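None of these values were measured; they are calculated from a predicted model.
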Amino acid sequence: SLLIYCQYSQNVFSIINSVQITEKNAEPEKTLLTYLRRNLGLTGTKLGCAEGGCGACTVMVSKYHPYQNRIIHYAVNACLAPLCSLHHCAVTTVEGIGSVASKLHPVQERIAKAHGSQCGFCTPGIVMSMYALLRNNPQPSMHDIQEAFQGNLCRCTGYRPILEGYRTFTKSGCQRLQDKQQENKELKPKKKLYDQSEFMPLDPTQEIIFPPELMVKQPQRELRFAGERALWIQPCSLEELLELKATYPNAKLVVGNTEVGIEMKFKNLLYPVILAPAYIPELNIIQNTQDGKRVLHLKGCCQCMLFDGLKQILFVNTLKYYRAVLEQLRWFAGQQIRNVAVCHVPEDKNPISDLNPVFMAASCKLTVMSKGTTFFFFMFKDQRLLNLESLCEFSPRKEDDIAIVTCGMNVFFKEQSNIVQSIRISYGGMAPVTVLATATCNRLLNRQWNEELLEEACTSLVEEMSLSPSAPGGMVTYRRTLTISLFYKFFLNVQHKLSLDLQKECTAVPGTNISAFSSFICSCHDRTLFLCLQAVPPGHNSDDVVGQPIMHLSALKQATGEAIYCDDIPCYENELHLALVTSTKAHALIKSIDTSDAMAVPGVVAFISAKDIPGSNMTGPVVYDETVTCVGHIVGAFVADTQAHAQRAAKAVKISYEELQPVIVTIQDAIANKSFFQPVRSIERGDVAQGFKDSDHILHGEMHIGGQEQFYLETNCTLAFPRGEDGEMELFVSTQSASKTQALVAKALGVPANRVVCRVKRMGGGFGGKESRSTILSTVVAVAAHTVKRPVRCMLDRDEDMLVTGGRHPFFGHYKVGYMNNGKVMALEVMLYSNAGNSLDLSLSILERALFHMDNSYNIPNIRGTGYMCKTNLPSNSAFRGFGGPQGMMIAESWMSDVALSCGLPAEEVRRMNMYKEGDFTPFNQRLDKFTIDRCWEECMQLSDFNKRKDAVEQYNRQHRWTKRGLSIIPTKFGISFTAAGALVLVYSDGSVLLTHGGTEMGQGLHTKMVQVASKTLGIPCSKIHITETSTNTVPNTSPTAASASSDLNGMAIYNACQTLLQRLQPYKDKNLKGCWEDWVSISFCIVNLSANGFYKTPDLGYDFETNSGKPFNYFSYGVAVSEVEIDCLTGSHKNLHTSIVMDVGKSLNPALDIGQVEGGFMQGLGLFTLEELRYSPDGYLYTRGPGMYKIPAFGDIPIELKISLLRDTPNEKAIFSSKAVGEPPLFLAASVFYAIKDAITAARAESNLTGPFRLDSPATPERIRNACEDKFTKLCPPADPGTFIPWAVQV
């Protein structure tokens, strides 16, 4: 535990594990995270976003609350918490609760053994969120756990194993754990991923005690901390605060730093004076007065305190306003933010404020305090008439998201009637501030609550809540529709309650309409899981670890914070930090760069530009000149003594531009300007023209698939250390491609590759984003280190990483399909356009893979696909899990869905009819051998109980007008192909083995699988084998860890190396048959070479587009998924009710890791197809540059019911030990959710007599879902004509 308290002497005293530390002259701008990592070396707490949105930096703060007379423990985001704010607090980090070296805490052990840690970068934060919960509630419910994780994100696991591991802490989970421990050990164990009976029990009495010295009441005195640019003042009384505010009228009041911290970090704002009122007694109470007035003192109360206070008030008072505020607070931000954030109502001009619509609808009276006045408070209006109140907030993701539209509605009726006495309707998100619909409210006075009132209200709201088509935030049609849709929900809710209260005098709401105002929230405690693993074959050797669900070898270290990532490497004594200078224009000529102000920033050492490159700047397809071709184009970099100083310098540089035309941002812009990279690719088989002639029908369609940010939790990071002789440079890099990094750095430095060593310990996620794009940072850092002759480090902030690195390619597809009356597709012509960005990068290979997958799993006799790479003024897009395959298959499923809708046939029948069979040939003339989709399809139909589920969906849709359910089954056929790999196996005299291979560990468990392969081949336990890192000085010329083939390639290379060693050891084994591994090694190590290289190259790969011949893939991975969803037709929200997945992974090397890849890939696909949306301005500026605006799936997005089965008895002789690649293939199965949503929209459109195909672009966001569910409300809000306005955001 870390104890921090402050005195007037401007010192911060800290105690870590009984070691006292004095921090003199604490810097007001320094966060707790920076202090922990840089000052104290506690690197278990990670930096993921710097805005409190991902939870990687979560720690627990404990303090004695004198006004509640109790010790409180709460999770906070260390990336936002100012060091100066931790007065008289104890801070516990992940290192403080347990370690591998000493003793694990049960929270750490269970997430690791339940396979809930893959890359591990998010794990410490999740551990600390759970730990803080358990300190307050040793037996939480699953609902409590879900709430605790609302501020935590994970990009790897899919969340399910984390929840399952921590379910064992709940009351029901603890009982199951006890039952497991009491089972007769002689019973035959069942196949499972982990054994709960091995978990350590949680003993709350053994937790770290709260430091007794913090129980002592501190003397009330003002604290001041003067920093380089800011003064932090912590007053001890309300009188002092008012005096200070009068003295410093522009001073900011900071409690949790959840808003001011963001403004200073990302908006480059500076507040010279900061007032911290957190310890003022009057601001730490919530009061419910006895005179009928309810008073809330909100300026100093954090939202968790307000939440608890309101819950207590509701025990004695059921006023609906309190309940509405309580409900809003439940969904505001994540738990870590709620624990420290306060309500800034007087200053809250946010157009989408969560609470202002409630206060406005409730006629709250606000009294503001200044020097010489009374304390401000909120007083709820006291009325005794029948009142009904409702609050709605709508956001794309329910957990920790920013609302699109918020509203508060409150109506009072004349006694015993349905005549409106008064009504208040307020909206956020429809103007620069929260607004009242005054005109509408006035029109509804003295009116009966009936359908005529509804029509009048909707018409009036459309007029009053108008928005410019160019309004900031975009989604104008959707937002306008939401205003009346939300009012309709309120109308039906009120009408329903009136019918219950007044009975005969008010018309009852039809049963089919009740779904409009029913709760649309699913809870974590409802979730169920089913896993079907591959059976262990008879006679399987128990010592054979291949096929066993072994825990990720680094999981325990990741759970304790002991796993070392690139930025965790201790700083060198003379190390410098680097910050990038990037272009603010999408297409412009740089006229001048003025660095004078930047160089004046304290600690700045140098500005690095292209002039400082000793070698070649041509490290990619873009040749350097003075032209920038995207916002985020790297112009230069500053190196300074700290990261903060380097970043300040980068923001202070002044660049003069001459803007150039055209600025090409979207695919449509590129098509109009004929801006394409070459070559254009095409694949054709059969007679397409004749196929269309033979078809009964022909349809045309289009689909756009949005891009996707990799959002690895660990951003790109490089540490360069110049060796000082012969041009040698050592690099520690978070990259998937060590050899490519080595080669490009050597080229930039002008030295041979043998002078550069690139080392990779592990990555906090990669997903393709660190295959090629990591080099744009590594080369800059290396040049900087060479220039200043000192070590240089740079870890990009989240907003920088998202700005400069690009992501998944957006695709646009146009298709023409010829088909028969029964749904059989006879001919297909597809035009694919990808948005490549400003450079070629890997775009050609990605486009080719999209064309190779344009058929998905369907046998089309006559087919032609043509692909274009659009050259645009966006950062170069690059590899991402699936590598173009998901885009090609998504468009295939779009035309397949259109065919089914056109024929009026069930989609699953049309898909099944057109599916490949064993021995068929693909459009690129590759024969499909061991084609297992038939089996996957049938097993998935059974696993999901598809037919019964479909009947239930149809019945539900007949009974509900405003919520609809949809069901879909989707197959995938994913080609596996990559080049070669190498390995080095070293056997030491004690029998221990050091294993090195060309693959990098990014959470997929590659190192774990490779140890299993070596263990099986050598016949020794895994404990004797160790992998330390991937480095270019041990295995040269390696392929990037990509394309799902790393286990195949590196596994075979390791196998070959081990076989070489076994051959060398065989004579000594023959001489001592009763000996063991150590015996054979001990007598041979000085006689034979116990170091062996292994190499493997995939045979017979190659394809010629000109002749449409060859073999592009070694084999295919197959899978099928069934998903069921429910949509809210009035808001566009959806929830994932069920998913069943059957995946062919061959003979699994490690079922736990493979299922983790299936789940993680599926959830990443869920984000791609339903949630994640990159939003660019027409000028190419990326709005979505962090978790605040870019939403990846969270804990609450996993299906309520999830079933996963690994197909049995499907050995694959083309890969190591008959396994199959598993990283990328499962991602596309999330398309089953997308097409289930489309199925539900089809049911909704049928209510408006709309049938047949319709366009639904990906992702299926709430905006697109709502707009597709056309009804009487959408007709009131038609979109503006394209070309008549400049949109806020464009579809790239």
Side-chain angles (χ1 to χ4, degrees), residues 546 735-740 760 763 766-772 842 845-846 848-849 852-853 878-886 926 929-930 972-983 997-1010 1012-1013 1030 1035 1037-1057 1094-1103 1110-1119 1143-1150 1153-1154 1156-1158 1160-1161 1210-1228:
V546 168
T735 181
Q736 296 173 237
S737 185
S739 291
K740 183 177 292 185
V760 183
M763 284 171 278
F767 314 115
K770 296 175 181 176
E771 180 178 348
S772 64
L842 299 172
S845 298
I846 288 167
E848 290 173 351
R849 181 171 279 272
F852 286 137
H853 289 78
S878 187
F880 195 164
R881 197 177 199 163
F883 205 75
Q926 182 165 342
D929 296 316
K930 296 193 174 180
T972 185
K973 170 182 64 69
F974 194 88
I976 303 301
S977 171
F978 220 41
T979 50
H997 59 88
T1000 55
E1001 176 61 58
M1002 61 188 109
Q1004 80 278 42
L1006 177 62
H1007 284 351
T1008 305
K1009 286 185 174 181
M1010 296 304 94
Q1012 289 177 273
V1013 168
T1030 304
V1035 180
N1037 312 318
T1038 59
S1039 300
T1041 304
S1044 305
S1046 295
S1047 292
D1048 293 2
L1049 298 176
N1050 292 287
M1052 288 301 298
I1054 289 170
Y1055 177 82
N1056 291 338
F1095 183 79
Y1096 177 77
K1097 182 180 184 301
T1098 307
D1100 304 324
L1101 284 184
Y1103 176 78
K1111 181 184 175 185
F1113 300 114
N1114 189 31
Y1115 62 88
F1116 295 89
S1117 287
Y1118 305 106
M1143 198 74 208
D1144 174 13
V1145 297
K1147 290 181 65 176
S1148 174
L1149 294 176
N1150 186 321
L1153 297 181
D1154 287 348
Q1157 289 296 293
V1158 172
T1210 56
N1212 172 39
E1213 71 276 3
K1214 295 183 179 181
I1216 183 71
F1217 294 139
S1218 302
S1219 63
K1220 272 191 175 183
V1222 71
E1224 294 174 293
L1227 183 139
F1228 181 69

Output the distance between atom [atom1] ([X]) and atom [atom2] ([Y]), rounded to the nearest 0.5 Å.
{"X": "M1002", "Y": "T735", "atom1": "CE", "atom2": "OG1", "answer": "9.0 Å"}
{"X": "S878", "Y": "K770", "atom1": "OG", "atom2": "NZ", "answer": "13.0 Å"}
{"X": "F883", "Y": "E1224", "atom1": "CZ", "atom2": "CD", "answer": "8.0 Å"}
{"X": "R881", "Y": "S1044", "atom1": "CZ", "atom2": "OG", "answer": "7.5 Å"}
{"X": "L1049", "Y": "F1095", "atom1": "CG", "atom2": "CZ", "answer": "9.5 Å"}
{"X": "I1216", "Y": "Q1012", "atom1": "CD1", "atom2": "CD", "answer": "11.5 Å"}

List the atom of [X], the atom of [Y], and the distance in Å for their closest heavy-atom pair.
{"X": "G1094", "Y": "N1056", "result": "CA-CB, 4.5 Å"}
{"X": "R849", "Y": "G882", "result": "CD-O, 3.4 Å"}
{"X": "T979", "Y": "S1039", "result": "OG1-OG, 2.8 Å"}
{"X": "T1030", "Y": "G998", "result": "CG2-O, 3.9 Å"}
{"X": "S1046", "Y": "A1042", "result": "OG-N, 3.6 Å"}

Do [X] and [Y] have side chains that get closer than 4.5 Å, going by heavy atoms?
{"X": "Y1055", "Y": "Y1096", "answer": "no"}
{"X": "S772", "Y": "K740", "answer": "yes"}
{"X": "K1220", "Y": "D1144", "answer": "yes"}
{"X": "T1041", "Y": "Q1004", "answer": "yes"}
{"X": "M763", "Y": "T1000", "answer": "yes"}

Under 3.5 Å donor-acceptor, [X] side chain and [Y] backbone:
{"X": "S1218", "Y": "P1211", "value": "no"}
{"X": "S977", "Y": "P1112", "value": "yes"}
{"X": "S1117", "Y": "A1221", "value": "yes"}
{"X": "E1001", "Y": "H1007", "value": "yes"}
{"X": "T972", "Y": "G1119", "value": "no"}
{"X": "Q736", "Y": "P1040", "value": "no"}
{"X": "N1050", "Y": "A981", "value": "no"}

Give the intermediate values and the outcome of side-chain contact (heavy atoms from CB on, under 4.5 Å) for residues F1116 and Q926. CA-CA 11 Å; F1116 295 89; Q926 182 165 342; 3.7 Å; yes

Under the criterion ring-ring contact (aromatic ring centres under 6.0 Å, His included), I'd like the reasoning laid out for H853 against F1113: C-alpha separation, chi angles, the key distance, then a yes or no. CA-CA 11 Å; H853 289 78; F1113 300 114; 5.6 Å; yes

Salt-bridged, D1154 to K1009, with N to O below 4.0 Å? yes

Please lay out, stage by stage, how D1048 and F978 fare under the test side-chain contact (heavy atoms from CB on, under 4.5 Å). CA-CA 9 Å; D1048 293 2; F978 220 41; over 6 Å; no

Decide yes or no on side-chain contact (heavy atoms from CB on, under 4.5 Å) for F852 and K973, but give the supporting numbers first. CA-CA 10 Å; F852 286 137; K973 170 182 64 69; over 6 Å; no

Decide yes or no on side-chain contact (heavy atoms from CB on, under 4.5 Å) for L1006 and S1047, but give the supporting numbers first. CA-CA 6 Å; L1006 177 62; S1047 292; 3.7 Å; yes

Just by distance, with hydrogens left out, do T1098 and N1114 show a side-chain donor and acceptor under 3.5 Å apart? no

